[in-house]
Amino acid sequence: MRHGGWSLLFVLILTGPSHLSAQTAAAKRQIAALEEDWIKAVIRRDAGAFNRLLAPDFVYTEDDRVYNKDQLIKEVTTGSDTVTSGRNEDLVVRVHSNTAIATGWLILIGRGSSGPFERRYRYTDTWLKMGAHWRVIAAQDYLKP
């Protein structure tokens with residue numbers, strides 16, 4: 001019995017880190033896919049998608065403005081800008097247990113009140129695993145001048 005206990009402990013020590021790195025890799029893939037879902041939701045002006053992506057107490061900052069979940073959804077779905085395409089560049093996802101931080105560049109192409117645009121935003125999104133789903137709890141964007 002005692003020898004079996006040590007064997008089990010040894011197996012757990014050896015397999016634990018690989019199991020955790022597989023979970024981390026899977027979480028990174030999930031977050032990367034969700035970041036793409038964010039872009040699709042912007043293009044489609046999809047309030048339902050944002051309701052699924054954003055945590056109830058979500059907070060967003062862009063330059064000098066702060067938005068809660070409802071304010072951001074309203075801005076994205078009813079604002080004057082029309083986004084026709086978008087992409088992420090240099091996306092890096094860091095996972096720490098049930099929290100993930102995504103950083104990168106968000107490039108949005110479309111048309112606004114002053115004509116066509118291509119905007120580059122440096123962003124940081126903080127994701128939290130709530131039950132079985134990842135939700136954004138905080139996001140920050142900076143529009144590159």
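This is a predicted model, so every value here is computed, not measured. The first residue of the sequence shown is numbered 1, and numbering continues consecutively from there.
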**Student:** Tell me, do R135 and L128 make a side-chain contact under 4.5 Å, heavy atoms counted?
**Tutor:**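 Contact flag for R135/L128 side chains = no.
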**Student:** Locate the shortest heavy-atom distance separating A32 from V93; write the atom from each residue and the value.
**Tutor:** N-CG2, 4.5 Å
**Student:** Hey, is D37 close enough to R52 for a salt bridge, meaning N to O under 4.0 Å?
**Tutor:**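 No, no charged N to carboxylate O under 4.0 Å.
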**Student:** Does the side chain of W105 reach to within under 4.5 Å of the side chain of R122, using non-hydrogen atoms?
**Tutor:**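 Result yes, sub-4.5 Å side-chain heavy-atom pair found.
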**Student:** Taking only residues at least two apart or on different chains, which pairs with a member in residues 21-50 satisfy ring pair (Phe, Tyr, Trp, His ring centres under 6.0 Å)?
**Tutor:** W38-F50
**Student:** Checking the side chain of R45 only, and the main-chain atoms of G79 only, is there a donor and an acceptor separated by less than 3.5 Å?
**Tutor:** yes
**Student:** Between K69 and L54, does a side-chain contact (heavy atoms from CB on, under 4.5 Å) hold up when you go through it step by step?
**Tutor:** CA-CA 7 Å; K69 178 180 179 175; L54 308 179; 4.0 Å; yes
**Student:** With clusters defined by side-chain heavy atoms of hydrophobic residues (ILVMFWY) lying less than 4.5 Å apart, directly or transitively, does V59 cluster with L34?
**Tutor:**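 Different clusters.
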**Student:** Apply side-chain contact (heavy atoms from CB on, under 4.5 Å) to the pair L53 and W127, showing each step before the final yes or no.
**Tutor:** CA-CA 9 Å; L53 290 168; W127 295 82; 4.1 Å; yes
**Student:** Are the side chains of R119 and D81 in touch, meaning some heavy atoms are under 4.5 Å apart?
**Tutor:** yes
**Student:** In the structure I gave you, are the side-chain heavy atoms of K28 and T24 within less than 4.5 Å of one another anywhere?
**Tutor:**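 When only atoms from C-beta onward are counted, T24 and K28 do touch, with a gap below 4.5 Å.
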**Student:** Could you pull out the closest heavy-atom pair between S97 and W134, with the gap in Å?
**Tutor:**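 Heavy-atom minimum between the residues: O-CH2, 4.1 Å.
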**Student:** Looking at CD of E35 and NZ of K40, how far apart are the two atoms once the value is rounded to the nearest 0.5 Å?
**Tutor:** 12.5 Å
**Student:** Measure the OH-CD distance between Y121 and Q140 for me, rounded to the nearest 0.5 Å.
**Tutor:**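 Rounded to the nearest 0.5 Å, the OH-CD separation comes to 12.0 Å.
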**Student:** Indicate if I39 and V76 have the same hydrophobic cluster label, given that clusters are the connected sets of ILVMFWY residues with side-chain heavy-atom separations under 4.5 angstrom.
**Tutor:**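 Looking at the clustering, V76 is in the same group as I39.
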**Student:** Does R65 reach the side chain of E62, with side-chain heavy atoms less than 4.5 Å apart?
**Tutor:** yes
**Student:** Given the rule in the salt bridge (Lys or Arg N to Asp or Glu O under 4.0 Å) test, do E89 and R87 qualify, once you have shown the distances and angles that lead to the verdict?
**Tutor:** CA-CA 7 Å; E89 290 182 358; R87 67 186 182 280; 3.1 Å; yes
**Student:** Tell me whether Y123 is reachable from I31 by hopping between hydrophobic residues (I, L, V, M, F, W, Y) whose side-chain heavy atoms are closer than 4.5 Å.
**Tutor:** yes
**Student:** What distance separates F117 CZ from T82 OG1, expressed to the nearest 0.5 Å?
**Tutor:**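 Here the interatomic distance stands at 7.5 Å.
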**Student:** Spell out, as yes or no, whether a donor-acceptor pair under 3.5 Å connects the side chain of T84 to the backbone of I109.
**Tutor:** yes
**Student:** Out of curiosity, E75 CD to D70 CG, how far, rounded to the nearest 0.5 Å?
**Tutor:**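 Output value for this atom pair is 13.5 Å.
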**Student:** Measure the shortest side-chain to side-chain distance between R94 and T103 over non-hydrogen atoms and say whether it is less than 4.5 angstrom.
**Tutor:**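 Side chain of R94 against side chain of T103, heavy atoms only: contact under 4.5 Å found.
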**Student:** Check A47 against T77 and note the closest heavy-atom contact, atom names and distance.
**Tutor:** N-CG2, 3.8 Å
**Student:** Is it true that L72 and I137 fall in one hydrophobic cluster, defined by side-chain heavy atoms closer than 4.5 Å?
**Tutor:**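 In one cluster with L72: I137, no.
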**Student:** side-chain contact (heavy atoms from CB on, under 4.5 Å) for N88 and L106? Distances and angles first, verdict last.
**Tutor:** CA-CA 5 Å; N88 281 305; L106 171 63; 4.2 Å; yes
**Student:** What are the two closest non-hydrogen atoms of I43 and G86, and how far apart are they?
**Tutor:**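 Of all heavy-atom pairs spanning I43 and G86, the closest is CD1-N, 3.9 Å.
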**Student:** Step by step, work out the side-chain contact (heavy atoms from CB on, under 4.5 Å) result for I101 and D125.
**Tutor:** CA-CA 6 Å; I101 309 296; D125 293 340; over 6 Å; no
**Student:** Are any of the side-chain heavy atoms of I73 and N51 separated by less than 4.5 Å?
**Tutor:** yes
**Student:** Residues two or more places apart in sequence or in another chain: which of them pass ring pair (Phe, Tyr, Trp, His ring centres under 6.0 Å) with Y60?
**Tutor:** Y67
**Student:** Out of curiosity, does L143 fall in the hydrophobic cluster containing V42 (side-chain heavy atoms, cut-off under 4.5 Å, transitive links)?
**Tutor:**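 Yes, because V42 and L143 connect within a single hydrophobic cluster, where side-chain heavy atoms sit under 4.5 Å apart.
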